[in-house]
Every structure is written in C-alpha cells, then in structure tokens.
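Here's the structure, in structure tokens; my notes come after.
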Amino acid sequence: MSPAIPMPEPCRSAVKTRMTLLPVTKQGTHQIRIVQIDYNNMPAPYQVGYHVVFLLVFSFSRMVLSDDVHASIKNRLGNGENLSIHCQSKDDDLGQQDIADGSEFGWDFSVNAWGTTLFYCDMEWENARRSHFDAYSFSRDHTRCETQCSWLISKEGMYGMNGQTGFWEFMYDWPN
C-alpha cells in the first residue's frame, strides 16, 4: 500500500487532512487507481466555501423572514366582561390568561426559517361558546402583519389589524 501523501502546508486545516493513494489493481484489462479522500477533513479553502454558502443562505432567509413579531389580543367586549384565553404554538405554551375589559395580552416570538410558525388560541367569556383561532399563521400573516399582529375581540366578532393598510378588518363572526 502506498504511503499517505500529506497536503501542502498552506492547505492544511487544524485537523490533519490527507489523501491516500491505494495500490493499482487490475480488473479485466483496465488498471484502476483508487483515490480515497477524507472529506471530513477537507482543506481550508473548501471548508470556507461551504461556510460562506451556508451563511449566505441563512442570512437571506433571515432577511426574507421577519425576525421578531409581536402578537396581541385586545379585549373590547364591553360591560366589564373578562376574556379568558389560552394561546400556544408547537413549542411554546403561553398558559391561561384572563384579560380584563379594555386590556390586552401580548407576546413576542421569532418566525422560523421554514415559514411554518403558528400560534393558536382558545378563548371564552361569560355567556359565550368557546372559540378557537390562529393568532399567527405565517402563510396568512407574513404580509398582513409583518412585525405586529393585533387582534380585537368584540361582541360583534373578531377584527385583525392590517399592517399594510393600518385599518382593522373584520375577520371572524361568532357562531350562533
């Protein structure tokens, strides 16, 4: 077996990198020389190239996707009625919150790089049925409310703030 040939000094990474030439074997009438390269210890120029590509992709995804979003739910039921709400995502449970009439509850989060971020809530108040809604769904909200997703709960239904127009939009009617 041929000895390992060390890489030239300038290309050597912190971990020893080497290329091994295996002996020539005869297979039929062809001579084959097998070269075994240790890809786990690639020379520094290739390592830098892969890191640069990764950083560019990661940076681009962070530019496309908003870093931080603030979501809030405002209780405008009137007559002093409290709103009981429980919001969560796949990873974060925000717990049960009681929001007094005229008050609001909010939280901050980061959108994931895959564009699948989802926060959903269950809510109820006196003499009302329990309701479920998505407080933030990337597919619906990444342009409607890029960094600020506000919801207003009233007796008539639910309103969402459109960050592009600056107006409250009627989104959901309560079931009878």
Side-chain angles (χ1 to χ4, degrees), residues 13-15 39-42 44-176:
S13 65
V15 177
Y39 287 103
N40 293 325
N41 297 312
M42 296 171 101
Y46 295 107
Q47 289 176 341
V48 171
Y50 287 120
H51 286 103
V52 167
V53 169
F54 174 76
L55 288 174
L56 287 173
V57 169
F58 182 74
S59 297
F60 179 73
S61 70
R62 299 293 281 181
M63 287 184 329
V64 171
L65 303 176
S66 166
D67 281 352
D68 294 317
V69 177
H70 179 76
S72 65
I73 300 168
K74 303 170 189 321
N75 176 356
R76 299 300 185 266
L77 291 170
N79 298 325
E81 284 195 56
N82 289 337
L83 174 66
S84 182
I85 194 157
H86 183 197
C87 298
Q88 60 190 7
S89 71
K90 178 181 156 197
D91 302 316
D92 300 302
D93 187 338
L94 305 176
Q96 184 76 28
Q97 306 293 324
D98 291 318
I99 308 170
D101 186 24
S103 296
E104 72 180 90
F105 167 70
W107 68 97
D108 297 315
F109 59 93
S110 294
V111 173
N112 67 32
W114 300 273
T116 58
T117 303
L118 174 67
F119 273 91
Y120 51 92
C121 302
D122 292 309
M123 62 182 170
E124 61 186 346
W125 64 93
E126 191 176 316
N127 299 324
R129 238 189 277 180
R130 182 176 214 142
S131 297
H132 176 88
F133 76 101
D134 293 341
Y136 183 87
S137 171
F138 179 83
S139 59
R140 178 193 65 204
D141 296 323
H142 74 280
T143 55
R144 186 184 70 83
C145 51
E146 193 173 332
T147 60
Q148 180 80 20
C149 246
S150 297
W151 295 96
L152 187 140
I153 311 300
S154 73
K155 293 279 188 186
E156 298 81 38
M158 196 167 169
Y159 295 83
M161 173 59 77
N162 185 320
Q164 294 177 322
T165 65
F167 292 106
W168 288 102
E169 296 175 345
F170 189 78
M171 303 288 280
Y172 303 107
D173 198 1
W174 304 128
N176 293 330

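Screening Ile73, Ile153, Ile99 for a side-chain contact (heavy atoms from CB on, under 4.5 Å) with Met123, the sole residue that qualifies is Ile153. Of the residues listed (Val69, Leu94, Asp141), the one engaging Phe119 in a side-chain contact (heavy atoms from CB on, under 4.5 Å) is Leu94, and it is the only one. Test His132, Lys90, Gln88 against Tyr120 for side chain to side chain donor-acceptor pair (under 3.5 Å) and you get one pass: Gln88.
Across all non-hydrogen atoms, the minimal contact from Thr117 to Val111 is OG1-CA, 3.4 Å. The two residues Ala100 and Asn82 make their nearest non-hydrogen contact at CA-OD1, 3.2 Å. When all heavy atoms of Phe138 and Thr116 are compared, the pair lying nearest together is CB-N, 4.4 Å. Here the shortest heavy-atom pairing between Asn162 and Gln164 reads OD1-N, 2.8 Å. A pairwise comparison of heavy atoms in Gly115 and Asn112 identifies N-OD1, 2.8 Å as the closest pair. Nearest heavy-atom pair, Gly160 versus Met171, reported as atom, atom and distance to 0.1 Å: N-CG, 3.4 Å.
For the pair Asp101 and Asn79, the minimum side-chain heavy-atom distance is 4.5 Å or more. Looking at Ser150 and Trp168, their side chains come closer than 4.5 Å, going by heavy atoms from C-beta outward.
A perpendicular orientation is assigned to the rings of Trp174 and Trp125, their planes being inclined by more than 60° (bins at 30° and 60°). Classification of the Tyr136-Phe109 ring pair by plane angle, with boundaries at 30° and 60°, yields perpendicular. The aromatic rings of Phe170 and Tyr159 sit perpendicular, their planes meeting at an angle over 60°, well past the 30° parallel limit.
Distance check, rounded to the nearest 0.5 Å: OG of Ser131 to CD1 of Ile85 gives 10.0 Å. Taking OG from Ser72 and CG from Leu152, the interatomic distance works out to 9.5 Å, rounded to the nearest 0.5 Å.
Not a single donor-acceptor pair under 3.5 Å links the side chain of Arg76 to the backbone N or O of Lys155. Looking only at distances, no side-chain donor or acceptor of Trp151 sits under 3.5 Å from a matching main-chain atom of Met158.
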